[in-house]
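Report on the following structure.
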Protein chains: 2
Amino acid sequence: MSAMRIAEGVEWAVHLCGVLGVVPAGFGLPAGRLAEFHELPPAYLAKHLQALSRAGIVTANRGVSGGYRLAKPATKITLLDITLAIEGSEPAFRCTEIRQRGPCAAAPAACKQRCPITKAFLDAETQWRKALASISVADIITTAASESFDKERRRTFQAWLNGAVK
Amino acid sequence: MSAMRIAEGVEWAVHLCGVLGVVPAGFGLPAGRLAEFHELPPAYLAKHLQALSRAGIVTANRGVSGGYRLAKPATKITLLDITLAIEGSEPAFRCTEIRQRGPCAAAPAACKQRCPITKAFLDAETQWRKALASISVADIITTAASESFDKERRRTFQAWLNGAVK
DNA sequence: GTACCCCTACTCGGATAGCGAGTGTCCGAGTCGGAATGG
DNA sequence: CCATTCCGACTCGGACACTCGCTATCCGAGTAGGGGTAC
């Protein structure tokens, strides 16, 4: 009774892209530091970072002073990009064509176009994707900064960042 | 890499509500017949029908000539109603408030309002729900009838229905 | 003949196993930086 | 003092267990209808 759950890795990924978005350009953060920032399991987070890397959202540098950084400007990365990178791009609704089964099955020839049920669900999903595509990581950063970053917390963050970037 | 899957029980439920929508008013179909109509596993389908019953979408009658029937006009039953009945009404995105954890945690006092990430995902989900709420079972029936019901199939269906209803 | 009662058959309802996808973890592949060394 | 080489430590990347929730099933609870029986 509680399906349709978005993987929590999506939440992690968006938060971390937000963090990477405020790292000075040219610098990166290793996976361990990113995990530390929100007290996330480092090994598992690494898996999700790989997915982001494969999707071209972040770039990975190896070596002693390596780490992850955004692959493109934060304004060009949308919540939809991140979601698809983590969850995959398959639609949530998958028609199994049960209308072609049973005593009153529709003839395959009559099923050239999608059944109205499938169409409705895919349309709804398009609306969902459109909404997510309209928000960028830069938007998230701006809003978060203005909403819940007082002077004190901003300094705490800067201090941590200075100790984390190489 | 393939999350966010809608339970296929939703697809079944919508199709079956469509079938129940064209049953003459005052008559019902037992779960076994409904399962037979699309060659679905009867026992498992029964579980979903229970969920529809609890949600007030269909009413269940016991006894020798009992069965399920729509609890309200097909125009008043939306795809969203059915989806929520099967999947539950919890939102797909669930914020775990990781912003309140780690070396730069936000103070609980600063988290009165939802973080912008959660807000964005819930807004997207609202768009999704709105799209599903705009389609009724009656709409599905109308479209399906006009798209893929030629005279021959319509007769086949009527014959099955006459043998199925009590 | 009729009214009542019981019984059977059929229905829904909730409690019970099985399996697959996300969740979590680990160790190996790859790379950069620096230290040691020889010129 | 400087260039070169080698070594080491740190990083990402993919392969391996575990847990929870959807999938699937069964048997018990409940009801309506019909047949039998007594009046």
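As the structure is a prediction and not an experimental result, all values here were calculated from the model. Convention: sequence-line order gives letters A, B, ...; per-chain numbering from 1.
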Taking CG from A:L52 and P from D:dC12, how many angstroms apart are they, rounded to a whole number?
13 Å
For atom NZ of A:K76, decide whether the heavy atoms of other residues, nucleotides or ligands shown that lie under 6.0 angstrom number more than 12.
no
Could you give the distance from CD (B:E36) to SG (A:C104), rounded to the nearest 0.5 Å?
11.5 Å
Every protein N/O within reach of nucleotides 23-25 of chain C N/O, cut-off under 3.5 Å:
from   : atom 1 : to    : atom 2 : distance (Å)
C:dT23 : OP2    : A:Y44 : OH     : 3.2
C:dT23 : O5'    : A:Y44 : OH     : 3.3
C:dG24 : OP2    : A:E8  : OE2    : 3.3

Using a heavy-atom cut-off of 4.0 Å across all strands, would you classify B:A31 as base, sugar-phosphate, or nothing?
sugar-phosphate
Any side-chain donor near an acceptor of the partner, A:T142 and A:D139, under 3.5 Å:
no
Nearest 0.5 angstrom please: A:I82 CD1 to A:L132 CG, how far?
10.0 Å
Counting the atoms with a prime plus P, OP1 and OP2 as sugar-phosphate, which does B:G67 contact under 4.0 Å by heavy atoms, base, sugar-phosphate, or nothing?
sugar-phosphate
Is the phosphate of C:dG14, meaning OP1 or OP2, less than 4.0 Å from a side-chain N or O of B:R54?
yes
Which atom pairs, one a donor and one an acceptor, fall under 3.5 Å between side chains of residues 5-19 of chain B and the rest of the protein, sequence neighbours left out?
from  : atom 1 : to    : atom 2 : distance (Å)
B:E11 : OE1    : A:T96 : N      : 3.4
B:E11 : OE1    : A:T96 : OG1    : 2.9
B:E11 : OE2    : A:T96 : N      : 2.9
B:E11 : OE2    : A:T96 : OG1    : 3.1

Side chain proximity check, B:P108 to B:E97, heavy atoms < 4.5 angstrom:
no
Using whole Å, what does the distance between atom P of nucleotide D:dC22 and atom CE of B:M4 come to?
14 Å
Rounded to whole Å, CZ of A:R33 lies from P of D:dC10 at a distance of 12 Å
Angle, rounded to 10°, between the helical axes spanning five pairs at each terminus of the helix from C:dG1-D:dC39 to C:dG39-D:dC1?
10°
Could you check how far OH of B:Y68 sits from P of C:dC10, rounded to whole Å?
18 Å
Rounded to the nearest 0.5 Å, the NE2 atom of A:H48 sits from the CG atom of A:L52 at a distance of 9.0 Å
List every contact pair, protein side and nucleotides 30-32 of chain D side both N or O, where the distance is under 3.5 Å.
from   : atom 1 : to    : atom 2 : distance (Å)
D:dG30 : O4'    : B:R62 : NH1    : 2.2

Decide side-chain contact (heavy atoms from CB on, under 4.5 Å) for A:Y44 and A:K47; before the verdict, give the C-alpha distance in whole Å, the side-chain angles of both, and the deciding distance to 0.1 Å.
CA-CA 5 Å; A:Y44 187 30; A:K47 191 179 179 67; 4.0 Å; yes
Check whether any side-chain nitrogen or oxygen of A:Q50 sits under 4.0 Å from OP1 or OP2 of D:dG14, and answer yes or no.
yes
Rounding to a whole Å, what distance do you find between B:E11:CD and D:dT23:C1'?
15 Å
Round to the nearest Å and state the distance from A:I86 atom CD1 to C:dA21 atom P.
18 Å
Rounded to whole Å, how long is the line connecting atom CD1 of A:I57 with atom P of D:dC12?
17 Å
Interatomic spacing from NZ in A:K151 to CZ in A:F149 - rounded to 0.5 Å
15.0 Å
Test of understanding: with salt bridge (charged side-chain N to carboxylate O under 4.0 Å, His left out), list the residues that count as partners of B:K119, not counting sequence neighbours.
B:D123
A:F27 CZ to C:dC32 C1', in whole Å, measures 16 Å
Could you go step by step and tell me if A:V22 and A:F157 meet the side-chain contact (heavy atoms from CB on, under 4.5 Å) rule?
CA-CA 10 Å; A:V22 297; A:F157 179 74; 3.4 Å; yes
Pairs where residues 106-118 of chain A contributes a residue and the test side-chain hydrogen bond (donor to acceptor under 3.5 Å, both in side chains) is met, not counting sequence neighbours
none
